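Read through the structure below, which is laid out as structure tokens, and then see the notes.
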Amino acid sequence: MFQQVVQVQPHSSFKESGQWSTGLCECYKDMGDCCFALCCLPVFACKVTRAAGACPCLALLDCISCVPPASMAMRASVRERYGIQGSAWSDCLYGCCCYPLSWLQISRELKRRAASHASSSPSSSSSSSVRYTALASLQGAHLV
């Protein structure tokens with residue numbers, strides 16, 4: 001059986017700066033998500049968690065704990081996935097002190113990276129490409 005070895009990793013057209021694509025307080029860049037989070041933050045957090053590829057019910061753990069584990073886990077996961085600088089301490093700080101803003105920033109990051117990924121690669125049949133394309137179509141709208 002022949003296995004092909006990947007010599008060069010695919011590149012994204014998104015700037016790989018090691019920073020979040022939007023600031024924590026830049027909610028105005030996606031008013032649909034901002035309004036959705038304002039109306040029903042637990043449901044919004046579940047939708048973002050699902051879009052990130054995790055179990056949607058994970059976000060409900062935040063309701064039963066003083067330190068929001070799902071918010072911290074999602075921030076850490078997104079940081080790790082996209083090479084964004086930060087630490088567990090910063091994830092904890094943002095999750096505890098800026099909870100809604102943190103979920104909104106995660107949502108914007110997923111959308112921007114998905115849109116960047118979808119525009120940089122031609123249509124592919126891989127499942128991750130399909131998931132990214134589906135997220136990219138939601139650019140400018142809330143994750144419902």
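From a predicted model like this one, the values you see are computed outputs, not experimental measurements. Along the sequence shown, residues are numbered consecutively beginning with 1.
Considering all non-hydrogen atoms of both residues, L104 and C27 come closest at CD1-SG, 3.6 Å.
One distance of note links CD of E26 with OG of S21; it measures 8.5 Å at 0.5 Å rounding.
A donor-acceptor pair is defined here as one N or O able to donate and one able to accept, closer than 3.5 Å; no such pair exists between the side chain of R81 and the backbone of A76. Judged purely by atom type and a 3.5 angstrom limit, R79 uses its side chain to pair as donor or acceptor with the backbone of G86. At distances below 3.5 Å, not a single donor-acceptor pair connects side-chain atoms of S116 with backbone N or O atoms of R112.
Residues V43 and V48 share a single hydrophobic cluster, defined by chaining ILVMFWY side chains whose heavy atoms lie under 4.5 Å apart. A continuous path of Ile, Leu, Val, Met, Phe, Trp and Tyr side chains, each step under 4.5 Å between heavy atoms, connects I106 with L61, placing both in one hydrophobic cluster. Residues I64 and L41 fall within the same hydrophobic cluster, defined by Ile, Leu, Val, Met, Phe, Trp and Tyr side chains chained together at heavy-atom separations under 4.5 Å.
Side-chain contact between C55 and T49 is absent, with no heavy-atom pair separated by less than 4.5 Å. Looking at E109 and I84, their side chains come closer than 4.5 Å, going by heavy atoms from C-beta outward. With a 4.5 Å cut-off on side-chain heavy atoms, R108 and W20 do not count as touching. Within the 4.5 Å cutoff, side-chain heavy atoms of Y99 are placed close to those of S71. Under the 4.5 Å side-chain criterion, counting only non-hydrogen atoms from C-beta, F36 is not in contact with D30. With a 4.5 Å cut-off on side-chain heavy atoms, C57 and C46 do not count as touching. Residues M72 and Y94 fail the side-chain proximity criterion, which asks for heavy atoms closer than 4.5 Å. You'll find the side chain of M74 reaches within 4.5 Å of the side chain of L58, heavy atoms only.
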Worked check of side chain to side chain contact (heavy atoms under 4.5 Å, CB included) between D33 and F44: CA-CA 8 Å; D33 272 359; F44 177 76; 3.6 Å; yes

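Remark: the S102 side chain and the R75 side chain contain an N/O donor-acceptor pair separated by less than 3.5 Å.
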